[in-house]
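For reference, the structure discussed in these notes is given below.
Index from 1, following the sequence.
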Amino acid sequence: AWTALIDSGASNSDTTRVIRRMNNGDLIAASQVSPGGAATIRVTRHNPSTGAVLWTTDISPGDTSDDTNDMVIDPATGDAYLASRISITGQQLNWYIWKVRGSDGATQWATPFNGSANANDDPRSICMTSDGNVVVAGQYTLASGAYTTRVAKYNASTGAQMWAFEPTTEWQTFNQVVADGSGNAIAAGNNAGASLSTENAYIVKFNASGGVVWSQTVNGVNND
């Protein structure tokens, strides 16, 4: 039907990471492009009938390798919320949660997070809760150098962090988060268990205030 080319114009790799659809059919896409050698994030809105780009926004506070892991949109307005990992000199990868306005692509806010180890922190999944705010799940690196899970909720209007779940248990991570109709969030990933020799499947439910409602670990014979 059509092809939309998102090209930085440089002889570097560009790739589209995630795409979402609005109620009116318009598409919001998040890509990684490298116009000057350093990778940056490009958000575009497309006409669903022709693929034509309606607006383009490039966002990058980082140094070399900025990328988007996940994105959720308000399907009515096209407002997009991005869970991105940003390379910062001396800090490796940081969480960056962005809001890009659906009407014109203007950046509304950006909220960073850098763990105490100045090491790799990775927001892997984002969802919208029933109150219109967003919850992000992933991992961050402890001062010990081990990684662990992190879940945080952000105010969709301001980007202010509303709460964060930051345990000190080593060697566990979240890969996905979803929300139910009551404002709760459920995150899924794995933990290494007490022996650190195998990974176990791991699911945690959080209430609207960030409290843990329950957690379940599934331990098979080997890595889960």
Under 3.5 Å donor-acceptor, [X] side chain and [Y] backbone:
X: Trp214; Y: Ile203; answer: no
X: Asn94; Y: Asn114; answer: no
X: Ser130; Y: Gly183; answer: yes
X: Thr141; Y: Asn120; answer: yes
X: Ser87; Y: Leu93; answer: no
X: Thr129; Y: Ala179; answer: no
X: Trp2; Y: Pro48; answer: yes
X: Lys99; Y: Ser157; answer: no
X: Asp121; Y: Gly115; answer: yes

- Which of these, Glu170, Gln172, Glu199, sits in a side-chain contact (heavy atoms from CB on, under 4.5 Å) with Asn191? Gln172

- The single option from Val43, Ile86, Thr57 that satisfies side-chain contact (heavy atoms from CB on, under 4.5 Å) with Trp98 is Ile86

Do you know which two heavy atoms are closest between [X] and [Y], and how far apart they sit?
X: Gly132; Y: Ala156; answer: O-CB, 3.1 Å
X: Thr148; Y: Pro167; answer: CG2-O, 3.3 Å
X: Ser13; Y: Ser34; answer: O-OG, 3.4 Å
X: Asn69; Y: Pro123; answer: ND2-O, 2.8 Å
X: Ala137; Y: Val151; answer: CB-CG2, 4.0 Å
X: Ala110; Y: Tyr96; answer: CB-CD2, 4.2 Å

Working to the nearest 0.5 angstrom, can you tell me the gap between [X] [atom1] and [Y] [atom2]?
X: Gln176; Y: Ser125; atom1: CD; atom2: OG; result: 3.5 Å
X: Tyr81; Y: Asn133; atom1: OH; atom2: CG; result: 8.0 Å
X: Gln92; Y: Arg85; atom1: CD; atom2: CZ; result: 12.5 Å
X: Asn200; Y: Asn219; atom1: CG; atom2: CG; result: 4.0 Å
X: Asp74; Y: Met22; atom1: CG; atom2: CE; result: 8.0 Å
X: Thr16; Y: Ile6; atom1: OG1; atom2: CD1; result: 3.5 Å

Quick one: does [X]'s side chain get under 4.5 Å of [Y]'s, heavy atoms only?
X: Val72; Y: Cys127; result: no
X: Met71; Y: Ile73; result: yes
X: Ile28; Y: Arg45; result: yes
X: Asn47; Y: Leu54; result: yes
X: Pro75; Y: Arg21; result: no
X: Asp224; Y: Tyr202; result: no
X: Asp180; Y: Lys205; result: yes
X: Leu82; Y: Ile126; result: no

Any side-chain donor near an acceptor of the partner, [X] and [Y], under 3.5 Å:
X: Asn175; Y: Arg124; value: yes
X: Gln32; Y: Thr15; value: no
X: Ser84; Y: Thr68; value: yes
X: Ser182; Y: Asn184; value: no

- Message: For Phe174 and Phe206, take the angle between the two ring planes, folded into 0 to 90°, and tell me which bin it lands in: parallel under 30, tilted 30 to 60, perpendicular over 60.
- Response: perpendicular

Would you say [Y] ends up clustered with [X] if hydrophobic residues are merged whenever their side chains have heavy atoms under 4.5 Å apart, either directly or through other cluster members?
X: Val212; Y: Val177; result: yes
X: Ile97; Y: Met128; result: yes
X: Trp95; Y: Val18; result: no

- Message: Can you tell whether the side chains of Arg20 and Asp70 come within less than 4.0 Å, N to carboxylate O?
- Response: yes

- Message: Assess the residue pair Gln216 and Val218 against the criterion (side-chain contact (heavy atoms from CB on, under 4.5 Å)); give the C-alpha distance rounded to whole Å, side-chain angles, the decisive distance to 0.1 Å, and a yes or no.
- Response: CA-CA 7 Å; Gln216 292 287 342; Val218 178; 5.6 Å; no

- Query: What ring pair (Phe, Tyr, Trp, His ring centres under 6.0 Å) pairs are there with at least one residue in residues 119-147, not counting sequence neighbours?
  - Reply: Phe113-Tyr140, Tyr147-Trp171

